Amino acid sequence: MAGAFAYESSEVDWCEDNYRHSDSVVEYYNTVSSFIFFIFSPLMLYLLHPYARERSWAVHLVWTMMIFVGLFSIYFHMTLSYVGQMLDEISILWVLAIGYALWFPRRHFPNFIKNSCTNPKVLRLAWVSVGWWVLAIGCWLSDRFLCNFWKRINFCYLHSIWHILIVVATAHGSTVIAYFDATHEIPYALPEIKYWPRDDWPVGLPYISVKGSSRTQKKC
């Protein structure tokens with residue numbers, strides 16, 4: 001059992017050269033880049049608080065769990081241990097499971113996917129979200145399967161870039177899903193997509209803003 005905690009006990013080894021910048025950190029840049037989770041996750045928790053207050057406090061579980069993803073990612077890339085790999089992968093699965101349990105619509109998810117959304121702000125966010133996901137997954141696949149090429153040109157940092165892109169992609173993708181969820185589950189809240197730090201910035205961080213509340217909801 002102790003061997004599972006040992007350095008480099010995992011069979012997974014990313015493209016970055018091991019111990020190149022530190023004798024105690026196996027993959028230095030992959031480790032450092034994982035700190036991006038600790039920047040975006042608290043910010044998204046803050047920005048989504050009004051939406052979570054109206055919809056469900058479980059909304060906060062998604063980005064709380066993303067903090068653990070970052071923590072376990074740091075541990076995994078620092079040690080490349082088998083336990084670190086398991087914690088990293090399981091925490092990602094928990095994020096997916098929580099998101100699925102929270103946002104899978106009660107009113108038949110495929111139905112409103114088929115209904116064309118005409119809101120240009122939502123459509124733009126959806127396409128931008130797809131773009132971020134394609135870039136992120138492309139970096140992950142390229143680092144995993146084209147490592148020899150990147151080593152030849154001395155650029156072995158695509159997995160580090162993946163860490164940054166996947167956090168940005170998750171912020172965009174989850175906001176798109178949360179918007180559709182809010183329009184169906186809490187329409188009285190008048191959900192709207194906003195961007196931080198300013199709504200008129202084309203590259204801001206998206207979140208759900210609510211104008212109404214359960215107190216102002218009309219009742220029969």
Side-chain angles (χ1 to χ4, degrees), residues 3-44 62-63 65-96 99 124-176 195-197 201-207:
F5 289 89
Y7 270 57
E8 299 185 84
S9 56
S10 170
E11 294 182 357
V12 177
D13 190 355
W14 300 98
C15 196
E16 183 180 352
D17 292 336
N18 297 345
Y19 301 107
R20 185 169 185 177
H21 301 281
S22 172
D23 292 334
S24 58
V25 178
V26 182
E27 296 177 340
Y28 182 81
Y29 284 106
N30 285 349
T31 301
V32 171
S33 64
S34 297
F35 280 93
I36 192 70
F37 289 87
F38 298 106
I39 298 174
F40 274 71
S41 298
L43 184 56
M44 289 301 292
V62 175
W63 287 99
M65 200 64 219
M66 285 289 282
I67 295 175
F68 284 95
V69 172
L71 178 64
F72 295 142
S73 179
I74 289 171
Y75 175 60
F76 173 45
H77 291 292
M78 184 176 69
T79 64
L80 283 189
S81 65
Y82 179 76
V83 169
Q85 177 190 348
M86 291 297 99
L87 290 173
D88 185 36
E89 293 176 355
I90 290 172
S91 63
I92 293 172
L93 292 176
W94 268 106
V95 171
L96 295 174
R124 176 186 174 278
L125 178 60
W127 281 112
V128 171
S129 176
V130 170
W132 282 117
W133 278 95
V134 169
L135 286 174
I137 294 173
C139 285
W140 190 95
L141 292 173
S142 186
D143 183 270
R144 196 81 183 106
F145 299 109
L146 298 176
C147 182
N148 290 335
F149 168 77
W150 296 114
K151 282 184 178 293
R152 281 200 299 270
I153 64 174
N154 196 28
F155 189 81
C156 304
Y157 311 112
L158 285 180
H159 194 78
S160 301
I161 297 173
W162 144 265
H163 286 155
I164 298 171
L165 293 178
I166 196 60
V167 174
V168 175
T170 300
H172 282 71
S174 63
T175 301
V176 172
Y195 289 86
W196 182 90
W201 286 16
V203 291
L205 188 64
Y207 66 97

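Atoms considered below: every heavy atom in the structure, side chains included; atoms not considered: hydrogens, waters and symmetry mates. It should be emphasised that the depicted structure is a prediction, and the values quoted were computed from it without experimental measurement.
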task = Assess whether atom OH of Y157 is packed by more than 12 heavy atoms of other residues, nucleotides or ligands within 6.0 Å.
result = yes

Q: In sequence, state the C-alpha distance, the side-chain angles, and the governing distance for I137 and L141, and then conclude on side chain to side chain contact (heavy atoms under 4.5 Å, CB included).
A: CA-CA 6 Å; I137 294 173; L141 292 173; 3.8 Å; yes

Between P206 and M44 the two heavy atoms that sit nearest each other are O-CE, 3.6 Å

Result for side-chain contact (heavy atoms from CB on, under 4.5 Å) between H172 and one of V168, V176, T175 points to V168

Hits for ring pair (Phe, Tyr, Trp, His ring centres under 6.0 Å) against F35, two or more places apart or cross-chain, chain-then-number order -> F38

Whether W162 side chain and C139 backbone form a donor-acceptor pair below 3.5 Å
no

One should read off an interatomic distance between I36 CD1 and I166 CD1, to the nearest 0.5 angstrom, of 12.5 Å

Rounded to the nearest 0.5 Å, the OH atom of Y7 sits from the OG atom of S81 at a distance of 8.5 Å

* Asked: Considering only heavy atoms from C-beta outward, does the side chain of T170 approach that of F40 to under 4.5 Å?
  -> no

So CG of D88 and CG of L71: to nearest 0.5 Å the spacing works out to 10.0 Å

When every non-hydrogen atom of S9 is compared with those of G3, the smallest separation belongs to CB-O, 3.1 Å

query = With under 30° as parallel and over 60° as perpendicular, where do the rings of F72 and F68 fit, or are they tilted in between?
reply = tilted

(Q) Could you check whether any side-chain heavy atom of I74 comes within less than 4.5 Å of a side-chain heavy atom of F37, counting everything from C-beta outward? (A) no

_Polar side-chain atom of S160 near backbone of Y29 as donor-acceptor pair, under 3.5 Å_ = yes

Check: Taking C-beta and beyond as the side chain, do Y195 and L205 meet within less than 4.5 Å on heavy atoms?
Finding: no

Quiz prompt | Greater than 12 external heavy atoms within 6.0 Å of Y82's OH | solution = no

Separation between SG (C156) and CZ (R20), nearest 0.5 Å, reads 7.5 Å

Could you walk me through whether V95 and W63 satisfy the side chain to side chain contact (heavy atoms under 4.5 Å, CB included) test, starting with their C-alpha distance in whole Å, then the side-chain angles of each, then the deciding distance to 0.1 Å, before giving a yes or no? CA-CA 8 Å; V95 171; W63 287 99; over 6 Å; no

Checking side chain to side chain contact (heavy atoms under 4.5 Å, CB included) for the pair E27/H159: CA distance, chi angles, key distance, verdict? CA-CA 10 Å; E27 296 177 340; H159 194 78; 5.5 Å; no

Here the salt bridge (charged side-chain N to carboxylate O under 4.0 Å, His left out) pairs for residues 4-15, sequence neighbours left out, are none

Taken to the nearest 0.5 Å, the spacing of L96 CG from M65 CE works out to 11.0 Å

Minimal heavy-atom distance between S142 and W150, with the atoms involved, is OG-NE1, 2.6 Å

Interatomic distance, OH@Y75 vs CG@L87, rounded to 0.5 Å, equals 7.0 Å

- Taking the two cysteines C147 and C15, decide whether their SG atoms are closer than 2.5 angstrom. yes

- request: Report the C-alpha separation of W14 and W140 in whole Å, then their side-chain angles, then the decisive distance to 0.1 Å, and conclude whether the side chain to side chain contact (heavy atoms under 4.5 Å, CB included) test is met.
  value: CA-CA 10 Å; W14 300 98; W140 190 95; 3.2 Å; yes

For F76 and S10, the nearest pair of non-hydrogen atoms, with its separation, is CE1-OG, 3.8 Å

Quick note, salt bridge (charged side-chain N to carboxylate O under 4.0 Å, His left out) partners involving residues 137-162, not counting sequence neighbours, are D17-K151

Taking M78's backbone N and O only, do any of them form a donor-acceptor pair with T31's side chain (distance below 3.5 Å, no angle check)? yes

